[in-house]
K.L.:
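One structure follows; several queries about it will come next.
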Amino acid sequence: MAYKGKRMNPQKFEKGQIKILLCLLPLVLFMFLPILFIANHAFKPMDELFAFPPTFFVRNATLENFTKLAKFSRNSGIPMSRYVFNSIFVTVVTVGLSLIFTTMAAFALSKLKFKGRNLMMSINQVALMFVATAVLIPRYLVISNLGMIDSMWSHILPLMAYPVALFLVKQFVEQVPDALIEAAYIDGATDFTVYRKLIIPMIMPAMATATILVFQQVWANMETSNYYINDDGLKTLTFYMNSLLNANNTVAGQGMSAAATLILFVPNLVLFVILQNKVMNTMAHSGIK
């Protein structure tokens, strides 16, 4: 698209982009500072952790904080590897099931006509207003009555339905042209075929964003391990790290705290880096009808 002889979105660098880069660079640096601080803080020796005035960058990087954390976990009754396995298993299963049910529900609520569709969407919108604390007691009663206390399902089932992800994906599915879906039905496609071969490929950016949202919710979740799990062997890494930090909330434990914070943060960063292009596409197309 051209405007006064210039491309609106040039494929290569142009001089006109310099002013845009100069405006964005301070914002990018400002947003990157917390990530940089977390990474530097985890490798600081004890004297730098308590230096005054505080230092932003590490001067004498060391792995002592990580070795102390590993040593402490080895001396505990359950090895840290068990908590890591639990977190990975719960996160992968929950994110996978959440994406399946979220995309199916978004397709049904957007493109299929059935009685109660508007009511179901209204219920999802109402659910957006409730924080996890507000539904803690009803959720516990449901899990208890279903016999899922001290079960991996108590980690998975409550977090599988995520109203924000459903709302986001539904808005994206609504942008798929009805004529395209009708053409598929005319060619003999079933609802599942349309969902699998037409809807899924066209909403991949929204699915990537939903993946990040659900992942962050599951990975950082502690309430399940706190309230629904009594067996320490079924608890997650996030709970273990936080309980470890609370038990060692001393001067000597600050190094382990910094190392644990970095370990818990890295998976979120890695996932976003992998899916960032599709997330940006979601933002770019969210307003297109």
Side-chain angles (χ1 to χ4, degrees), residues 35 38-39 41-43 63-103 132 136 139-140 142-144 146-162 164-165 207-249 253-276:
I35 300 176
I38 292 173
H41 199 62
F43 294 96
L63 294 175
E64 183 181 5
N65 299 329
F66 295 92
T67 56
K68 284 183 178 179
L69 180 61
K71 182 179 179 180
F72 184 88
S73 66
R74 285 196 299 269
N75 295 332
S76 61
I78 299 174
M80 189 167 63
S81 58
R82 178 63 187 179
Y83 296 106
V84 173
F85 171 80
N86 290 343
S87 285
I88 294 176
F89 176 80
V90 168
T91 302
V92 170
V93 173
T94 305
V95 171
L97 291 176
S98 178
L99 286 179
I100 292 172
F101 287 109
T102 296
T103 51
L136 188 61
R139 180 176 290 179
Y140 179 85
V142 170
I143 291 176
S144 178
L146 290 176
M148 293 191 301
I149 299 295
D150 277 344
S151 167
M152 280 295 186
W153 283 109
S154 62
H155 286 288
I156 298 169
L157 191 62
L159 302 179
M160 211 167 61
Y162 194 34
V164 175
M207 290 178 62
T209 305
T211 299
I212 293 176
L213 293 175
V214 177
F215 176 88
Q216 290 177 336
Q217 179 188 228
V218 178
W219 184 257
N221 178 264
M222 284 195 304
E223 71 174 36
T224 301
S225 296
N226 268 325
Y227 302 115
Y228 312 143
I229 302 295
N230 298 315
D231 184 358
D232 288 338
L234 296 176
K235 295 184 177 182
T236 58
L237 180 65
T238 304
F239 174 84
Y240 172 73
M241 289 294 190
N242 280 273
S243 60
L244 182 151
L245 301 181
N246 292 332
N248 295 275
N249 193 18
Q254 295 307 304
M256 290 191 295
S257 174
T261 301
L262 180 61
I263 291 173
L264 292 175
F265 172 73
V266 165
N268 291 281
L269 179 62
V270 171
L271 183 65
F272 180 78
V273 170
I274 294 173
L275 300 177
Q276 63 172 328

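Values below: every heavy atom of this structure, side chains too, minus hydrogens, waters and symmetry copies.
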K.L.:
Is there a donor-acceptor pair under 3.5 Å between the side chain of N65 and the backbone N or O of M256?
P.N.:
no
K.L.:
Could you report the tightest heavy-atom contact between G233 and R82, atom names first, then the distance?
P.N.:
O-NE, 3.0 Å
K.L.:
Compare every heavy atom of L264 with every heavy atom of W219, then report the nearest pair and how far apart it is.
P.N.:
NE1-O, 3.1 Å
K.L.:
Which heavy-atom pair separates A220 from T238 by the least distance, and what is that distance?
P.N.:
O-CG2, 3.8 Å
K.L.:
So which atom in I38 and which in T261 form the shortest heavy-atom distance, rounded to 0.1 Å?
P.N.:
CG2-CG2, 4.3 Å
K.L.:
Got a second to check how far F239's CZ is from N226's CG, nearest 0.5 Å?
P.N.:
5.0 Å
K.L.:
Taking all heavy atoms of S154 and all of I143, pick out the closest pair and write down the distance.
P.N.:
CB-CG2, 4.0 Å
K.L.:
Rounded to the nearest 0.5 Å, what's the gap from CZ on F89 to CE on M152? Could you check?
P.N.:
6.0 Å
K.L.:
Would you name the heavy atoms of T236 and N86 that are closest together and state the gap between them?
P.N.:
CA-CB, 4.5 Å
K.L.:
Can you tell me how far apart OG1 (T211) and CD (Q216) are? Round to the nearest 0.5 Å.
P.N.:
11.0 Å
K.L.:
Can you tell me how far the CG atom of L63 sits from the CG atom of L69, to the nearest 0.5 Å?
P.N.:
12.0 Å
K.L.:
OH/Y228 to CE/M148 distance, rounded to the nearest 0.5 angstrom?
P.N.:
9.5 Å
K.L.:
Can you list everything that forms a side-chain hydrogen bond (donor to acceptor under 3.5 Å, both in side chains) with T224? Sequence neighbours excluded, please.
P.N.:
N221
K.L.:
In Å and rounded to the nearest 0.5 Å, what is the CG to CE distance from L237 to M241?
P.N.:
4.5 Å
K.L.:
Would you please indicate if the ring centroids of F66 and F43 are separated by under 6.0 Å?
P.N.:
yes
K.L.:
Does atom CZ (F265) have a neighbourhood of more than 12 heavy atoms from anything else shown, all under 6.0 Å?
P.N.:
yes
K.L.:
Test side-chain contact (heavy atoms from CB on, under 4.5 Å) on V93 and M160 and set out the steps.
P.N.:
CA-CA 9 Å; V93 173; M160 211 167 61; over 6 Å; no
K.L.:
Tell me whether S87 contacts the main-chain N or O of V84 through its side chain, where contact means a donor paired with an acceptor under 3.5 Å.
P.N.:
no
K.L.:
Do the side chain of T67 and the main chain of E64 share a donor and acceptor less than 3.5 angstrom apart?
P.N.:
yes
